[in-house]
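Below: one structure, written as structure tokens.
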Amino acid sequence: MLRRTLGQSLLAGLACLALPQAAGAQGGAKPAFVFTGIPDQDESRLVERFGKVATYLEGKLGVPVTYIPVKNYPAAVTAFTNGQVQLAWFGGFTGVQARKASPGSQAIAQGAEDAAFKTYLIANTKTGLTRTADFPKAIAGKTFTFGSRASTSGRLMPEYFIREAFPGKTPDAVFARVGFSGDHSRTIQLVQSGAFEVGAVDYSVWDLDSKAGKVDQKEVGIIWESPPFPDYQWTVRGDVDAIYGAGFTERLKAALIGITDPAILAPFARSKFIPVTNAAYEPVERVAKSTGLLD
């Protein structure tokens with residue numbers, strides 16, 4: 001079912017979901033609880049990751065739970081703010097965007113690793129760049145790819161660190177060419193192939209792709225690890241208690257925090273989920289405003 005859904009457009013998928021939800025509401029039954037997640041890596045891994053979450057949550061919450069894929073980061077934010085999904089696995093920046101556009105929404109759980117997340121700068125080995133503790137200013141003049149334009153670890157934070165290292169300069173002024181790969185797995189492949197000399201990537205996706213044998217470290221390597229920052233989280237809309245009953249948000253939070261199955265956690269590269277609040281992402285909001293990516 002998930003694979004068939006992936007072959008459809010987001011619009012068609014949401015249109016199909018709208019009818020049973022409306023019919024369920026009229027008949028007194030609870031509508032399906034629908035969630036999504038930013039497409040930060042390859043599609044097959046997203047199906048594995050979120051399909052297991054949907055099955056788990058359905059058993060814990062007692063309502064039908066459906067995962068729908070989206071094509072890009074902005075689509076995840078739009079689906080959430082329009083009420084087409086009630087829950088989303090966001091990055092730090094997309095979570096800030098979604099909560100700002102949907103007052104009352106709450107960040108309720110993050111990975112234990114998300115409180116102090118990291119970006120890796122990676123480089124094709126032909127550049128001769130090697131790992132350093134200090135920001136590698138030798139990347140100036142190289143070709144560089146970010147991930148998605150709305151990625152926290154693949155764009156927002158690396159752009160902030162680049163601007164700090166080269167005061168008064170935007171990335172376009174620092175690099176010979178700047179690209180946006182769309183997701184972290186793609187960033188790794190672009191730098192590994194030499195299509196771009198340097199890139200910024202989510203450290204957890206680097207670790208996952210390395211374990212999966214997708215990284216040839218003779219061709220690409222880490223050259224810098226960023227200072228820590230808050231990143232991914234589960235964010236829920238503020239109206240779910242009105243739809244699914246009093247206390248639903250707390251039940252959802254408890255279910256997410258209660259995940260212990262390694263088969264569910266492994267595709268996230270997380271050891272567990274822990275409680276979090278909107279306040280934890282204030283540093284991300286400040287950085288987004290300082291770089292002009294958020295009004």
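Below, all heavy atoms of this structure are taken into account, side chains as well, without hydrogens, waters or symmetry copies. Quantities reported herein were computed from a predicted structural model and do not represent experimental measurements.
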*Taking the six-membered ring of Phe144 as reference, does the NZ or CZ atom of Arg177 fall below 6.0 Å from its centre and within a 45° cone about the axis?*
no
*Inspect the surroundings of CZ in Arg163 and state if more than 12 heavy atoms from other residues, nucleotides or ligands are less than 6.0 Å away.*
yes
*Polar contact flag, side-chain donor to acceptor under 3.5 angstrom, Thr170-Asp172*: no
*Interatomic distance, Ile257 atom CD1 to Phe273 atom CZ [nearest 0.5 angstrom]*: 10.5 Å
*Tell me, do Val178 and Phe146 make a side-chain contact under 4.5 Å, heavy atoms counted?*
yes
*Lys126 with Glu197: basic N within carboxylate O range, under 4.0 Å*: no
*Could you give me the CA-CA distance, side-chain angles and deciding distance for Asp239 and Arg237, then say whether salt bridge (Lys or Arg N to Asp or Glu O under 4.0 Å) is met?*
CA-CA 6 Å; Asp239 56 5; Arg237 285 180 54 87; 3.0 Å; yes
*Pair Phe268 + Trp89: ring centers closer than 6.0 Å*: yes
*asked:* Are more than 12 heavy atoms, taken from residues, nucleotides or ligands other than Lys100, located less than 6.0 Å from that residue's NZ atom?
replied: yes
*Taking the side chain as every heavy atom from C-beta outward, state whether Pro31 and Tyr244 have any atom pair closer than 4.5 Å.*
yes
*Using a 4.5 Å cut-off on heavy atoms from C-beta on, say whether the side chain of Ile139 contacts that of Pro136.*
yes
_Donor-acceptor pair between Thr277 and Gln106 side chains, under 3.5 angstrom_ = no
*Do you know the tightest heavy-atom contact between Gly91 and Ile38?*
N-CD1, 3.4 Å
_Whether over 12 other heavy atoms sit under 6.0 Å from Lys60 NZ_ = no
*Polar contact flag, side-chain donor to acceptor under 3.5 angstrom, Tyr120-Asp202*: no
_For a side-chain contact (heavy atoms from CB on, under 4.5 Å) check, start with the C-alpha distance between Ser151 and Phe93, then their side-chain angles and the critical distance, and finish with the verdict._
CA-CA 7 Å; Ser151 172; Phe93 182 38; over 6 Å; no
_Val191 to Ala123 - nearest heavy-atom pair and separation_ = CG1-C, 3.6 Å
*asked:* Under a 3.5 Å threshold, yes or no: a donor from one side chain and an acceptor from the other, between Thr235 and Arg99?
replied: yes
_Can you see whether Tyr160 engages Glu164 through a side-chain donor-acceptor pair at a distance of less than 3.5 angstrom?_
yes
*Got a sec: does the CZ of Arg186 have more than 12 other heavy atoms crowding it under 6.0 Å?*
no
*Any idea which heavy atoms bring Gly92 and Asp231 closest together, and the distance?*
N-OD1, 2.8 Å
*Is it true that the NZ or CZ of Lys118 lies under 6.0 Å from the centre of Tyr203's six-membered ring and within 45 degrees of the ring axis?*
yes
_side-chain contact (heavy atoms from CB on, under 4.5 Å), that's the test. Do Phe175 and Thr143 meet it? Break it down for me._
CA-CA 6 Å; Phe175 301 111; Thr143 57; over 6 Å; no
*List the steps, then state whether side-chain contact (heavy atoms from CB on, under 4.5 Å) holds for Leu252 with Val240.*
CA-CA 10 Å; Leu252 172 63; Val240 295; 5.7 Å; no
_Flag for Ser44-Asp42: side-chain donor and acceptor within less than 3.5 Å_ = yes
*Between Trp234, Phe90, Tyr73, which is the residue that forms a ring pair (Phe, Tyr, Trp, His ring centres under 6.0 Å) with Phe80?*
Phe90
*Should Gln217 and Ser210 count as side-chain neighbours, where that means a heavy-atom distance under 4.5 Å?*
yes
*Indicate the atoms forming the closest heavy-atom contact of Pro230 with Ala280, along with that distance.*
CG-O, 3.5 Å
*asked:* Could you check whether Arg45 pairs with Asp40 (Lys NZ or Arg NE/NH1/NH2 to Asp/Glu carboxylate O, under 4.0 Å)?
replied: no
_Quick check: do His184 and Trp206 have side-chain heavy atoms less than 4.5 Å from each other?_
no
*Val284 and Leu156: CA distance, side-chain angles, deciding distance, side-chain contact (heavy atoms from CB on, under 4.5 Å) verdict*: CA-CA 8 Å; Val284 174; Leu156 176 68; 3.7 Å; yes
*Would you please indicate if the ring centroids of Phe135 and Phe161 are separated by under 6.0 Å?*
no
*To the nearest 0.5 Å, what is the distance between CD (Gln84) and CD (Gln86)?*
10.0 Å
*asked:* For a 4.5 angstrom cut-off between non-hydrogen side-chain atoms, does Val201 reach Leu121?
replied: no
*Any side-chain heavy atom of Arg286 sitting closer than 4.5 Å to one from Lys289?*
no
